[in-house]
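What follows is a single structure, written as structure tokens, with notes after it.
Whatever order the structure lists ligands and atoms in, that order sets their numbers, starting from 1. On a predicted model such as this, the values are computed, not experimentally measured, just so you know. The analysis underlying the following values was restricted to heavy atoms, covering all of them including side chains, and did not include hydrogens, waters or symmetry mates.
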Amino acid sequence: MDYKEGAYKVRDLSLADAGRMRIEWAESRMPVLAQLREEYSQTKPFEGYKITGCLHVTKETAVLVETFAACGAEVAWSGCNPLSTNDEVAAALAEAGIEIYAWYGQNVDEFYWSIERTIDKPPHLTLDDGADLIFTVHKKFPHLADHIIGGSEETTTGVHRLRAMAEDGKLLYPVYAVNDAETKWDFDNVYGTGQSTLDGILRASSVLVAGKNFVVAGYGHCGRGVAMRAKGLGANVIVTEVKPTAALKATLEGMRVMTMDEAAKVGDIFVTATGMKDIIRGWHFVSMKDGAIVCNTGHYDVELNLKELAEVSQDTRVIRSDNREYTLDNGKKVFVLAEGRLVNLAAAEGHPSEVMDMSFANQFMAHLNLVQAHKRGETLPNTVIDLPEELDQHIAGIKLETMGMRIDSLTEDQIAYATDYSAGT
Ligand code: NRN
């Protein structure tokens, strides 16, 4: 490990060159962030503000971090999952002078130690994915909230929890729900999670997907993306759900729908994407076919009940990276990927740069909004705030431009027509 107090703690600084090349790769595929950096690095609106982030340390996150820094911000960063940090990228950020505490394979104490280092010097802004940073501030350092002008949350699970906190009046500062921006969830959650989850499964197993019974638990935006990409690879997709409308949508999109008790008996590959705990229980593992592959792509590692799996197993061993074989008491083998943590980031590199470009453009604009409001002396309400819808059209418009696509626009006459209630059929 390489550690410098108040500066960084990373696996190995000598990995920096390799990490820099990964970051350059991502940068070349994130044109929306590049345009924002071009525009705001002149005026440096974040000058004098410290942003503390707790979000997967990937090559894409590094581009966001360095965009904030280029626009004047002081930045401190930690990872938001013990298994999702790319050590090469972390080394490159440390070498570039970003305060960062992150390495692959942290234990729980190291994970929270890293978060706490990033707030040793109080931040003005917090940026979360899964709310571990904002929860740490609220639970252990509530006085810091006096110094914090606002925050943002990247992912569905985090936004759900923060909305609950706001409902109970417990939120100490305003937080933008970046996840709920259409140019985030309708692209990142669907196309990003769809591709990166299959990427994680293939890197950890190299299994043939075609012809396999592929069970997706949860048919929300993420589950829908995973199901779509599994189908594209030739799988027979089975969906389990608790929400009738989601289950109905899966049925009409050609997926089989059944309970997990039934799916456990026929599935070859299982992915949980529910945001809920205890989706696959001990008895499900017992009824699985020999050789079943099981993983999770939800934010927290609570969807597979590995405690109950251990209780019905006689042996376990890691047979290859991110692939743990369990030999059950009944003699059958089950393979759990990435220790039940989000397989797309733990066993692969998370979503592709092109889709994170839009998610992180929303992150950048959320914090720009917070800083500009602060400079105007405005105080925002201590609740979860949605980003303005026009921001979605702006971000999507830039993305289309960079993809060389042009679209039509409405004439004045058509705009008038849209709201003209006197017009008959
Ligand atoms: N490559 C990535 N870098 C990446 N892929 C997915 N995510 C990533 N963050 C940084 C996050 C998505 O935005 C994981 C979150 O849970 C999801 O909302």
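For Lys184, the closest heavy-atom approach to ligand 1 falls below 4.0 Å.
Only the side chain of Leu345 comes within 4.0 Å of ligand 1, judged by heavy-atom distances. Contact annotation: for Thr156 versus ligand 1, there are no heavy atoms closer than 4.0 Å. With a 4.0 Å heavy-atom cut-off, ligand 1 is reached by no atom of Leu342. Residue contacts with ligand 1 for Trp185 are absent, since no atom lies close enough (heavy atoms, distance under 4.0 Å).
Of the candidates His351, Glu60, His56, His351 brings a heavy atom nearest to atom 5 (N) of ligand 1. Remark: among candidates Thr155, Val63, Asp129, Val159, the nearest residue to atom 14 (C) of ligand 1 is Asp129, based on non-hydrogen atoms.
We find that Arg20 and Asp17 are not joined by a salt bridge, their nearest charged nitrogen and carboxylate oxygen being 4.0 Å or further apart.
Close approach of ligand 1 to Phe360 is summarised as follows: ligand atoms under 4.0 Å from at least one heavy atom of the residue are 9 (N), 10 (C). Listed by number with element, the atoms of ligand 1 under 4.0 Å from a non-hydrogen atom of Leu55 are 9 (N), 10 (C). Residue Gly350 has at least one heavy-atom neighbour below 4.0 Å for each of these atoms of ligand 1: 1 (N), 5 (N). Residue Thr61 has at least one heavy-atom neighbour below 4.0 Å for each of these atoms of ligand 1: 3 (N), 10 (C). Listed by number with element, the atoms of ligand 1 under 4.0 angstrom from any heavy atom of Glu349 are 1 (N).
A salt bridge (Lys or Arg N to Asp or Glu O under 4.0 Å) check over residues 263-272, counting only residues at least two apart or in different chains, returns the pairs Asp268-Lys289.
The two residues Gly192 and Val355 come nearest to each other via the heavy atoms CA-CG1, 4.0 Å.
Ring centroid separation for the pair Phe68 and Phe46 comes in under the 6.0 Å cut-off. Trp185 and Tyr191 have their aromatic ring centers separated by at least 6.0 angstrom.
A side-chain N or O of His351 and one of Ser196 form a donor-acceptor pair less than 3.5 Å apart.
Looking at atom 2 (C) of ligand 1, its nearest protein heavy atom turns out to be Thr58 OG1, 3.6 Å. The shortest contact between atom 9 (N) of ligand 1 and any protein heavy atom is with Met356 CE, 3.6 Å.
When the ring-ring contact (aromatic ring centres under 6.0 Å, His included) test is applied to Tyr219, no partner is found at least two apart in sequence or on another chain.
The closest donor-acceptor contact from the side chain of Lys44 to the backbone of Ala70 lies under 3.5 Å.
Under the ring pair (Phe, Tyr, Trp, His ring centres under 6.0 Å) rule, Tyr49 has a single partner from His124, His147, His367, which is His124. Only one option out of Glu60, Glu349, Glu27 pairs with Arg22 in a salt bridge (Lys or Arg N to Asp or Glu O under 4.0 Å); it is Glu349.
Between Glu154 and ligand 1, an N or O atom pair is found at a separation short of 3.5 Å.
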